[in-house]
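Have a look at the structure below, then the notes.
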Protein chains: 2
Amino acid sequence: ARPRVGYFYKDKKKTSPYMERLRQLRVGDFKSLPISIRENISIYDAIVTMFTQNVGSLTVVGEGQTLRGMVSRKDLLKSALGKTDLQQVPVSIIMTRMPNIIMTTADEPVLEAARKLTLHQIDTLPVVEAFIDEKGEERYEVIGRFTKTNVTKLFVQIGSLGAQ
Amino acid sequence: ARPRVGYFYKDKKKTSPYMERLRQLRVGDFKSLPISIRENISIYDAIVTMFTQNVGSLTVVGEGQTLRGMVSRKDLLKSALGKTDLQQVPVSIIMTRMPNIIMTTADEPVLEAARKLTLHQIDTLPVVEAFIDEKGEERYEVIGRFTKTNVTKLFVQIGSLGAQ
């Protein structure tokens, strides 16, 4: 649908205090807990985890919650279509790996994270903290997930406040 | 995550013009096109349609685009887990049916539709127009879909305007 941003343009040029606050909101205050699995578990078990945890994506982690991959409902559904033996094949085969994972951090503005979700057409960003491992390489510890559901809830909250 | 609505409270009690506009936005201006299938197609073909159309849910329709059911990526993934023969079983077996389908209309406020998405933990609402069929029963013609992606895009637009 064509965006009707015109609704917002006419009123005034100067920034509203609400808009200022909106742009100051950070991912860390709106993120959800991450649901993580290890890369050697089967695709089947990953799907089961997704259902028991009621989430749309899983982070795949190594030691110390280090980010290794992401699997979405879409990835799992695609593998279910093929002739893959879901009980035998590990998720590491189908997961999205670094450097192809789009991430966010606790201090990133919510607006920027939401933009990443729409731009890359994904439902979830892992929320990470970068650190340098013993080999001097940059790694990412998973500390949360930020999803379109988080954005939708925030949108509803903001709109409800307007009605006070 | 605990919502930090306090960010918005302190400033002022009176309603901002931005917030007024936000609450006036209607689903009809932000919805996407519906992607529809017939109820006799196989679960397998429904999954393929979801991938070729790149959507997270499908509306199942009868004559005249009348709403008969909804299938989500989650529904399809669940059926892929079991022993179901995806190529033989029609989507009608697994689809969500009336009266369990949560719907919206073009003139419903976007905020109300977003609230339905969060409240019912679903990704998509079919956008419908009600009519009375020849038997005097209420039916719903599917004219679009409204998703968390639509809300996220709108959120980004609103935030970007604040930065003008």
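Sequence lines set the chain letters: A, B, ... in the order given, protein chains first and strands last, and positions in each chain run from 1. Computed over heavy atoms, backbone and side chain alike; hydrogens, waters and symmetry mates excluded.
Within a 6.0 Å sphere centred on NZ of B:Lys116, heavy atoms belonging to other residues, nucleotides or ligands number more than 12. Open room surrounds CD on B:Glu63; 12 or fewer heavy atoms of other groups in view lie less than 6.0 Å from it. Heavy-atom neighbours of A:Arg68 CZ from other residues, nucleotides or ligands within 6.0 Å: at or below the threshold of 12.
Interface remark: of the candidates A:Val110, A:Leu111, A:Leu76, A:Leu86, A:Leu111 forms the most heavy-atom pairs closer than 4.5 Å to chain B. In terms of heavy-atom pairs under 4.5 Å with chain B, the best-connected choice from A:Ala114, A:Ala80, A:Gly144 is A:Ala114.
A:Leu22 and B:Leu25 fall within the same hydrophobic cluster, defined by Ile, Leu, Val, Met, Phe, Trp and Tyr side-chain heavy atoms under 4.5 Å apart, directly or through other members. B:Val61 and B:Ile143 fall into different hydrophobic clusters, where Ile, Leu, Val, Met, Phe, Trp and Tyr are joined by side-chain heavy atoms under 4.5 Å apart, directly or via other members. When the side chains of ILVMFWY residues are joined at heavy-atom separations under 4.5 Å, either directly or via intervening members, A:Leu58 and A:Ile43 end up in a single hydrophobic cluster. Criterion: ILVMFWY side-chain heavy atoms under 4.5 Å apart, direct or through other members. Under it, B:Leu117 and A:Leu117 are part of a common hydrophobic cluster. At a threshold of 4.5 Å between side-chain heavy atoms, the hydrophobic network of Ile, Leu, Val, Met, Phe, Trp and Tyr places B:Met70 and B:Val60 in two separate groups.
For A:Leu77, the parts lying near chain B are the backbone and the side chain together; criterion is any non-hydrogen pair under 4.5 Å. Heavy-atom distances place no part of A:Glu112 under 4.5 Å from chain B, backbone and side chain included.
Considering CZ of A:Arg115 and NZ of B:Lys153, their distance stands at 14.0 Å, rounded to 0.5 Å. The OG1 atom of A:Thr118 sits 11.5 Å away from atom CG of B:Leu154, with the distance rounded to the nearest 0.5 Å. A:Gln87 contributes atom CD, which lies 9.0 Å from atom CG of B:Leu81 (distance to the nearest 0.5 angstrom).
Side-chain contact between B:Arg73 and A:Asp123: present, with at least one pair of heavy atoms (C-beta onward) separated by less than 4.5 Å. Contact check for A:Lys148 versus B:Thr149: side-chain heavy atoms found under the 4.5 Å cut-off. Side-chain contact between B:Thr152 and A:Phe155 is absent, with no heavy atoms from C-beta onward closer than 4.5 Å.
Inspection of non-hydrogen atoms places A:Tyr44, A:Ile47, A:Val48, A:Met50, A:Phe51, A:Asn54 of residues 44-57 of chain A under 4.5 Å from chain B.
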